[in-house]
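Data first, discussion second: the structure below is written as structure tokens.
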Amino acid sequence: MNILRRGRLSAGQDEDIMNFTSSMEADTRIFEADIEVDRAHVVMLKEQGIIKNSDCSAILKGLEKIKNEGIGKLDTSYEDVHIALEARLIELVGEDTGGRMHSGRSRNDEVATCIRFTLRDELINIMAEIHDLVNTLAKTASKHHETLMPGFTHTQHAQPTTLAHHLLAHANAFLRDLGRIKGAYGRTNLNPLGAAAFASTGFPINRKRTTELLGFDSQLGNSMDAVSTRDFMIESLACYANLMTDLSRLAEELILWSSSEFGFIELDDSYTSTSSIMPQKKNPDMAELMRGKTGTVHGALVSVLTICKALPYSYNRDLQEATPHLWRATDTARSCVRMAEGMVRTAKIKKDRMKKASTVGFTTATELADTIVRETGIPFRTAHHIVGYVAKTGDMPALSDLDRLSLEIIGIKLSEKGLSEKSIINALDPMDNIKKRHITGGTAPEETKRQVTVINKELSSSKNELRKIRLNIEKASGKLEKTCQQYS
Ligand code: ARG
């Protein structure tokens with residue numbers, strides 16, 4: 001007999017309807033969290049004198065057995081893990097005891113608590129993966145402060161840069177992703193338990209106690225908000241979406257760079273596939289999948305936003321439909337960060353190809369125009385005009401070429417205004433370009449070295465923070481475990 005439907009509802013449901021209604025599949029993600037939430041709730045009920053010591057002890061023992069049996073032992077004809085678990089408990093310890101666990105609680109606050117409890121671990125995990133990725137980018141950059149390459153705008157050769165400068169650009173983006181996830185973590189690790197269906201409860205429960213036992217930073221302050229909102233999910237998904245956009249841009253570059261046209265890198269074999277027909281092929285499939293999975297994660301964000309849009313308060317079953325998107329996006333984003341880290345770490349860098357390409361397309365033209373301005377005092381726009389004219393001919397200009405053109409354009413030779421052959425040679429040297437750009441954020445090796453130092457500092461303080469967060473959770477879980485042992 002279904003313990004939930006037996007009172008109000010009569011007819012059983014056929015399988016098709018049951019499958020439509022059930023969240024059992026996605027609930028595998030929160031099974032363990034549900035046991036922890038149950039344990040904390042039961043401990044608190046006993047301490048508040050809401051249930052007897054003997055009932056608490058029997059329920060805790062029952063929960064222990066259910067935990068060991070695993071979710072597979074639960075009756076899947078129930079619509080979700082919460083009620084299936086309660087049914088199993090009642091089967092084990094009898095209704096007079098097991099039937100008391102759900103006092104002062106609803107599945108509405110229960111499920112919100114379970115999702116937050118599980119998601120916070122996932123956020124910690126993905127933050128740790130981002131640490132690894134940023135670390136690998138910074139480490140690789142450290143070996144390439146002087147590795148010349150062309151920088152691009154519009155996918156056209158633009159100005160020379162270094163591989164360090166380019167990789168650190170990505171590292172900075174991922175550090176911001178990390179910061180956003182940290183913010184999401186703070187708004188996720190809050191306790192909804194005690195909100196019950198939405199109106200809280202008349203039982204004298206102690207929300208502070210479950211907050212403490214479950215390792216939440218604090219409790220949500222309005223019971224209707226607590227069960228109604230999935231904004232913490234949306235926020236995490238938005239963080240993932242941003243992260244995936246950043247990852248897709250890295251993926252795209254790894255794909256381009258490993259093409260014959262670029263030939264800047266060769267990806268490690270393990271991150272590539274071959275063709276079933278073309279025996280010579282080495283394809284960057286992992287990077288392509290990363291690019292593709294971006295769509296999966298963006299889709300998840302849009303799905304959850306749309307599911308929550310215009311939902312009247314408080315709980316509605318629509319919310320159940322949101323959760324699987326969260327887990328799918330979480331797993332996808334996390335695996336992509338890991339793949340990106342491995343691809344960057346193991347890629348072979350073809351320095352010579354990069355260096356050769358660094359001046360193709362007259363990438364030093366900007367520095368030449370800047371040099372003319374500095375040496376002769378003519379306006380930048382005029383220098384831009386003269387150098388642009390030179391670029392059209394495609395040849396690297398000598399002083400005589402520039403003189404001829406400037407005479408034509410502004411009626412005076414640049415050499416007469418102080419431009420020297422030597423300054424032109426310097427301006428056309430890509431390494432000279434790189435070294436001149438030593439202001440904050442620039443390409444100069446001394447500057448990219450400074451950037452690596454800053455990133456490493458941020459990384460180590462972020463790792464410290466994460467260690468503290470983990471410690472807090474471990475402490476709470478140790479306390480809950482100890483209390484359960486004591487009470488059972
Ligand atoms: N499986 C449900 C969910 O994921 C749990 C809450 C069900 N509550 C209810 N009133 N039907 O949202």
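Small disclaimer: the values here were computed from a predicted structure and weren't measured. First listed ligand is number 1; within each ligand, the first listed atom is number 1.
Classification of the W257-H166 ring pair by plane angle, with boundaries at 30° and 60°, yields perpendicular.
Not a single donor-acceptor pair under 3.5 Å links the side chain of N242 to the backbone N or O of A238. A donor-acceptor pair is defined here as one N or O able to donate and one able to accept, closer than 3.5 Å; no such pair exists between the side chain of Q451 and the backbone of A138.
From the protein, the heavy atom lying nearest to atom 11 (N) of ligand 1 is R107 NH2, 3.5 Å.
Considering backbone and side-chain atoms alike, H82 places every N or O at 3.5 Å or more from each N or O of ligand 1.
Taking every non-hydrogen atom of Q320 and a distance limit under 4.0 Å, the qualifying atoms of ligand 1 come out as 1 (N), 2 (C), 3 (C), 4 (O), 12 (O). The atoms of ligand 1 that sit less than 4.0 Å from any heavy atom of Y315 are 2 (C), 3 (C), 5 (C), 6 (C), 7 (C), 8 (N), 9 (C), 10 (N), 12 (O). Under a 4.0 Å criterion applied to the non-hydrogen atoms of D80, ligand 1 contributes the atoms 1 (N), 2 (C), 5 (C), 7 (C). Atoms of ligand 1 found under 4.0 Å from any heavy atom of V111, numbered from 1 in the order shown, are 3 (C), 4 (O), 5 (C), 6 (C), 12 (O). Close contacts between ligand 1 and R317 involve ligand atoms 11 (N) [criterion: under 4.0 Å to a heavy atom].
At least one test fails for R116 against the ring of F216: distance under 6.0 Å to the centre or angle within 45° of the axis. For R176 and F174, the positive end is not near the middle of the six-membered ring at less than 6.0 Å and at most 45° from its axis.
Under a 4.0 Å heavy-atom criterion, N108 is in contact with ligand 1.
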Taking it one step at a time, do I30 and H82 satisfy side-chain contact (heavy atoms from CB on, under 4.5 Å)? CA-CA 9 Å; I30 55 169; H82 317 292; 3.8 Å; yes
